[in-house]
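Below, all heavy atoms of this structure are taken into account, side chains as well, without hydrogens, waters or symmetry copies. For ligands, and for the atoms within them, numbers begin at 1 and follow the listed sequence.
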Amino acid sequence: MPEAGRTRVVVAGGGYAGLSAFGELADRGPRLELLLVSATPYHYFVTEFPALVAGGVEEEGVRVSLRRFVAARGRLVVGSVDRVEPGPRRLVLAGGESLPYDYLILAVGGEAEFFRIPGAREHGLEVGNPAAARQLAARVAGLVEGGGPRRVVIAGGGLTGVEVAGELAERYPDRLQITVVEAAPALMPGFDPILAREAQRVLEEKGVRVRTGTKIVSVDPAHVHVEQGPALPYDLLVWAGGVRGSPVLARSGLPVTPRGRVKVDPLLRAEGFPEIYVAGDAASFTDPATGQELPPSAQLAVQMGRHAARNLLRRLAGRDEVPFQPRLLGAFATLGGREAVGYVGAGRFTGLPAVVIKRLIEAHHAVETGGLIPVLARYARPWARRLALRTLRPRPGLRPGGLEVAAGENGRIAPSPGEVSPA
Ligand SMILES: Cc1cc2nc3c(=O)[nH]c(=O)nc-3n(C[C@H](O)[C@H](O)[C@H](O)COP(=O)(O)OP(=O)(O)OC[C@H]3O[C@@H](n4cnc5c(N)ncnc54)[C@H](O)[C@@H]3O)c2cc1C
């Protein structure tokens, strides 16, 4: 139950949007009862999954502990949200447990969009969530262990597909024969066209085959069938064809677009549900400057999460809320560990300078969310990493505050080992 006299704000989702919303509320908010609900006990750096999939980094290097992030500032509930019930203002977890809220910031992200292409969901492996990335990494490791070159088809030549292709091609130049299939006339639709061409040049130099203007019509267990030309045989199909909103959103009766993202007003509130703010990939926001829906982006998710939290704080203080104005400062795509392309404002970068800028952006986010631990976990030598992690890792029961509770198999909220139940 909410604590008497305190406004209970629940942030659902521990990704880029959810964490920036929670951080903002915790740092600037008055005395709020704050709860973070996440399907996993970690915040994952999804933008670094291409390296994880290719085996270039361990999972510890691309995540931070949410328990450590939340610490004394609120409570963490590890559990999967099944749906929101806006009438009684509660979240219902997968096991049936319900969590009441006064205000909700919904930031549960999205999932792969398969466009109802026959066979795509059954045979394609997605990249965008930790379980999928882990599964893909295991499949890649298994493939390269076997003899002879193996065929990898990457469906989708956007940022995700291009980054996965670059990492795999650099790490396994002789073992994997990689083909990127993109329906649009060029790679990375929406990206700077000069840089997109440079990305294609770099990929082709690494041996990647790029098939633009090629539409996938169906998938069987061994072939990708395309409208233009013969079927492409594959041993592994990576699905990087796009993102749609989490199924939780439509299940909750919220107003969603055909791509399953919640339609939000300029203040980032779900249309018709003023007590629910939506941020990140879960939200469909029309940029007033372009009239276009914002693309899925970690950078924009951080901005939206922070803005939603600030609007809520303004509202609680009796002040007017402010329309969200996205600022796309730039974008970078890595093409393996030593190549990247990207821009900041009017400046274009390629090669090593682009790699350095991209790594600095990632490190900045890692330090903001997890301090030095994730940076050490990613870049330090194994022995130094083990020592540092052992020294720095918070020990359960000795934390200054905060509570991690997990939804048990029967849906009851059970305390983590060594911790107390909130009840
Ligand atoms: C391989 C790859 C590379 C990318 N590279 C870039 C890049 O370079 N730059 C860029 O700007 N963007 C990039 N993106 C896009 C970016 O990662 C996403 O736009 C961003 O992660 C969206 O943030 P989010 O907070 O909305 O969702 P997420 O980061 O996906 O977080 C969603 C959170 O919600 C939780 N959750 C989900 N469902 C539930 C549930 N039912 N109950 C409870 N919790 C739940 C998840 O555990 C997670 O914590 C990339 C994406 C991919 C896949």
Salt bridge or not between R269 and E321? Use side-chain N to carboxylate O under 4.0 Å. yes
Within the 4.0 Å heavy-atom cut-off, what H43 brings close to ligand 1 is neither
All heavy atoms of R8 vs all of L99, minimum pair found to be NH1-C, 4.2 Å
Between Y44 and E59, do the side chains contain a donor N or O and an acceptor N or O under 3.5 Å apart? yes
Quick one: does ligand 1 sit under 4.0 Å from the side chain of F332, the backbone, both or neither, non-hydrogen atoms only? backbone
One finds that the ligand 1 atoms under 4.0 Å from a non-hydrogen atom of S297 are 11 (O), 12 (N), 19 (O)
The closest protein heavy-atom partner of atom 31 (O) of ligand 1 is G15 CA, 3.2 Å
What do you reckon, does D281 have a nitrogen or oxygen under 3.5 Å from a nitrogen or oxygen of ligand 1? yes
Check whether any side-chain N or O of D192 sits under 3.5 Å from a backbone N or O of G342 as a donor-acceptor pair, and report yes or no. no
Taking D235 for its side chain and R151 for its backbone only, find out whether a donor-acceptor pair lies under 3.5 Å. yes
Which of the atoms in ligand 1, numbered in the order shown and given with their element, are less than 4.0 Å from a heavy-atom of E163? 3 (C), 5 (N)
Is Q299 in polar range of ligand 1, meaning some N or O pair under 3.5 Å apart? yes
Would you mind finding which of G109, G13, A240, A51 brings a heavy atom closest to atom 35 (C) of ligand 1? G13
Using a 3.5 Å cut-off on N or O atoms only, is V46 in polar contact with ligand 1? no
When you measure from atom 46 (C) of ligand 1 to the protein, is at least one non-hydrogen atom found at a distance under 4.0 Å? no
Ring centres of F45 and H365 under 6.0 Å apart? yes
Ignoring hydrogens and geometry, is there a side-chain-to-backbone donor-acceptor pair from Y42 to V62 under 3.5 Å? no
Would you say that V262 contacts I276 through its side chain, given a criterion of any heavy-atom pair below 4.5 Å between the two side chains? no
Per-atom filter on ligand 1: closer than 4.0 angstrom to a heavy atom of L159 are 5 (N), 6 (C), 7 (C), 8 (O), 13 (C)
Heavy-atom pairs closer than 4.0 Å: do any link ligand 1 to the side chain of V81, the backbone, both, or neither? both
Hey, is the main chain of L254 close enough, under 3.5 Å, to the side chain of S252 for a donor-acceptor pair? no
Within 4.0 Å of some non-hydrogen atom of G280, the atoms of ligand 1 are 26 (O)
Is any N or O atom of G14, backbone or side chain, closer than 3.5 Å to an N or O atom of ligand 1? yes
Is there a nitrogen or oxygen of T40 sitting under 3.5 Å from a nitrogen or oxygen of ligand 1? no
Does K358 reach ligand 1, in the sense of a heavy atom lying below 4.0 Å from it? yes
Please list, in number order, the atoms of ligand 1 under 4.0 Å from a heavy atom of A17. 25 (O)
Less than 3.5 Å between some nitrogen or oxygen of A39 and one of ligand 1, yes or no? yes
In terms of the angle between their ring planes, are F69 and F22 parallel, tilted or perpendicular, with boundaries placed at 30° and 60°? tilted
Below 4.0 Å from any atom of ligand 1, is there a heavy atom belonging to G79? yes
Before signing off on this row, confirm whether A279 and ligand 1 have an N or O atom pair separated by under 3.5 Å. no
Measure from the side-chain N and O atoms of R175 to the backbone N and O of R150, and report whether any donor-acceptor pair falls under 3.5 Å. no
Is it the case that D220 and H123 place a side-chain donor and acceptor less than 3.5 Å from each other? no
Atom 12 (N) of ligand 1 - nearest protein heavy atom and its distance: A298 N, 3.0 Å
For S80 and ligand 1, answer yes if some heavy atom of the residue is under 4.0 Å from a ligand atom, otherwise no. yes
Distance filter under 4.0 Å to Y16 heavy atoms, resulting ligand 1 atoms: 20 (C), 21 (O), 23 (O), 25 (O), 29 (O)
Please determine if R121 forms a cation-pi arrangement with F114, meaning its NZ or CZ atom is less than 6.0 Å from the six-membered ring centre and no more than 45° off the ring axis. no
With heavy-atom distances below 4.0 Å as the criterion, list the atoms of ligand 1 near P50. 1 (C)
Among side-chain atoms of E163 and T334, is any donor-acceptor pair under 3.5 angstrom? yes
Any side-chain to backbone donor/acceptor pair from E113 onto F115? Under 3.5 Å, distance only. yes
Which atoms of ligand 1 have any heavy atom of A107 under 4.0 Å away? 32 (C), 33 (C), 34 (O)
Of the side chain and backbone of D82, name the one, both, or neither that has a heavy atom under 4.0 Å from an atom of ligand 1. neither
